[in-house]
Amino acid sequence: MMIVFFQEYILKGVVNAALGQEMGSRDHMKIAQQFFQLVGGSASECDTIPGRQCMASCFFLLKQFDDVLIYLNSFKSYFYNDDIFNFNYAQAKATTGNTSEGEEVFLLIQSEKLKNDYIYLSWLARC
């Protein structure tokens, strides 16, 4: 039964993060961060991949990228070929000053849609 609640909280976190970005709403971003922290900080989820993803998302929203990398590094081997994971991982690497590693990860991305996105191109140029 508890898993259903955590899935609901993850969904609420994702929706609030998307709305926060789309609308420029700090309130939605704070709510998203709280849902992610609730799941990732729970005793039953803290050592699971979804729990660690939630904590990485929480710290990403808080702009605490060293902490983001701690969580992403803990499960990156499971997502080596995942473009969305690599996009977020590369951003966190670049933001913490590891631009050469960030560039390597950005170049792993295969999705043409992502590779043509302004944000991808600007981050790659920074690296």
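Small disclaimer: the values here were computed from a predicted structure and weren't measured.
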Student: If you define the side chain from C-beta out and look only at heavy atoms, does anything of Leu19 sit under 4.5 Å from Ser25?
Tutor: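 They are not in side-chain contact.
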Student: Stepwise, does the side-chain contact (heavy atoms from CB on, under 4.5 Å) test hold for Met29 with Gln21?
Tutor: CA-CA 8 Å; Met29 298 302 266; Gln21 287 177 334; 3.8 Å; yes
Student: What is the distance from atom CG of Leu124 to atom CG of Asp117, rounded to the nearest 0.5 Å?
Tutor: 12.0 Å
Student: Going by heavy atoms in the side chains, are Asp67 and Phe60 under 4.5 Å from each other?
Tutor: no
Student: Find out if a path of hydrophobic residues (ILVMFWY) with successive side-chain heavy-atom gaps under 4.5 Å connects Val105 to Leu107.
Tutor: no
Student: Nearest 0.5 Å please: distance from the SG atom of Cys127 over to the NZ atom of Lys93.
Tutor: 11.5 Å
Student: Taking it one step at a time, do Asn88 and Val68 satisfy side-chain contact (heavy atoms from CB on, under 4.5 Å)?
Tutor: CA-CA 9 Å; Asn88 292 325; Val68 169; over 6 Å; no
Student: Answer yes if Met23 and Val15 sit in the same cluster of Ile, Leu, Val, Met, Phe, Trp and Tyr residues linked by side chain heavy atoms under 4.5 Å apart, and no otherwise.
Tutor: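 Yes, because Met23 and Val15 connect within a single hydrophobic cluster, where side-chain heavy atoms sit under 4.5 Å apart.
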Student: Dump the intermediate steps for salt bridge (charged side-chain N to carboxylate O under 4.0 Å, His left out) on Asp83 and Lys113, then the final yes or no.
Tutor: CA-CA 10 Å; Asp83 285 343; Lys113 182 178 179 185; over 6 Å; no
Student: So Gln34 and Leu38, do their side chains get closer than 4.5 Å, heavy atoms only?
Tutor: no
Student: Under 4.5 Å between any side-chain heavy atoms of Pro50 and Ile10, yes or no?
Tutor: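 Of all side-chain heavy-atom pairs linking Ile10 with Pro50, at least one is under 4.5 Å.
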Student: Answer with yes or no whether the hydrophobic clustering places Val14 together with Tyr9; edges join I, L, V, M, F, W, Y residues whose side-chain heavy atoms lie under 4.5 Å apart.
Tutor: yes
Student: Please answer: with hydrophobic residues joined when any side-chain heavy atoms are less than 4.5 Å apart, are Val39 and Leu11 in the same cluster?
Tutor: no
Student: Strictly distance-based, threshold 3.5 Å: is any side-chain N or O of Glu22 a donor or acceptor partner for the main-chain N or O of Gly20?
Tutor: no
Student: Could you grab the distance from atom NE2 of His28 to atom CD of Gln33, nearest 0.5 Å is fine?
Tutor: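 The NE2 atom of His28 sits 15.0 Å away from the CD atom of Gln33.
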Student: Parallel, tilted or perpendicular, judged at 30° and 60°: which one describes the rings of Phe87 and Tyr120?
Tutor: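 Correct class here is parallel.
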Student: Run the side chain to side chain donor-acceptor pair (under 3.5 Å) test against Thr96 and tell me which residues pass, sequence neighbours left out.
Tutor: Asn98
Student: I would like to know whether Ser44 and Phe6 meet side-chain contact (heavy atoms from CB on, under 4.5 Å); could you show each step before the answer?
Tutor: CA-CA 10 Å; Ser44 64; Phe6 286 129; 3.3 Å; yes
Student: How many angstroms lie between CG in Leu108 and CD in Glu103, if you round to the nearest 0.5 Å?
Tutor: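 If we round to the nearest 0.5 Å, Leu108:CG and Glu103:CD are 11.0 Å apart.
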Student: So which heavy atom on Phe36 is nearest to which on Ala17, and how close?
Tutor: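 Closest approach of Phe36 to Ala17, heavy atoms only: CE1-CB, 4.5 Å.
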Student: Does Tyr80 offer a backbone N or O that forms a donor-acceptor pair with the side chain of Asn86 under 3.5 Å?
Tutor: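 Yes; at least one donor-acceptor contact below 3.5 Å.
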Student: Report the C-alpha distance between Gln91 and Trp123 in whole Å, list the side-chain angles of each, state the deciding distance to 0.1 Å, and finish with yes or no for side-chain contact (heavy atoms from CB on, under 4.5 Å).
Tutor: CA-CA 7 Å; Gln91 286 181 85; Trp123 270 110; 3.3 Å; yes
Student: Treating Ile, Leu, Val, Met, Phe, Trp and Tyr as nodes and any side-chain heavy-atom pair under 4.5 angstrom as an edge, say whether Leu61 and Ile31 lie in one connected cluster.
Tutor: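 In one cluster: yes.
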Student: Please verify the inter-ring angle class for Phe85 with Phe79; under 30° counts as parallel, over 60° as perpendicular, anything in between as tilted.
Tutor: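 Phe85 and Phe79: parallel rings.
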Student: Measuring from atom CD of Gln110 to atom CG of Asn81, what distance do you get when rounded to the nearest 0.5 angstrom?
Tutor: 8.0 Å
Student: Please step through side chain to side chain donor-acceptor pair (under 3.5 Å) for the pair Ser42 and Glu45, ending with a clear verdict.
Tutor: CA-CA 5 Å; Ser42 72; Glu45 293 296 306; 5.5 Å; no
Student: Centre-to-centre under 6.0 Å for Phe59 and Phe65, is that the case here?
Tutor: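 Judged by ring-centre distance (under 6.0 Å), Phe59 and Phe65 do not meet the cut-off.
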Student: I want to check something: taking the side chain as every heavy atom from C-beta on, are Leu121 and Lys115 in contact at a cut-off of under 4.5 Å?
Tutor: no
Student: When rounded to the nearest 0.5 angstrom, what distance separates CZ in Arg52 from OH in Tyr71?
Tutor: 7.0 Å
Student: If you define the side chain from C-beta out and look only at heavy atoms, does anything of Thr99 sit under 4.5 Å from Arg126?
Tutor: no
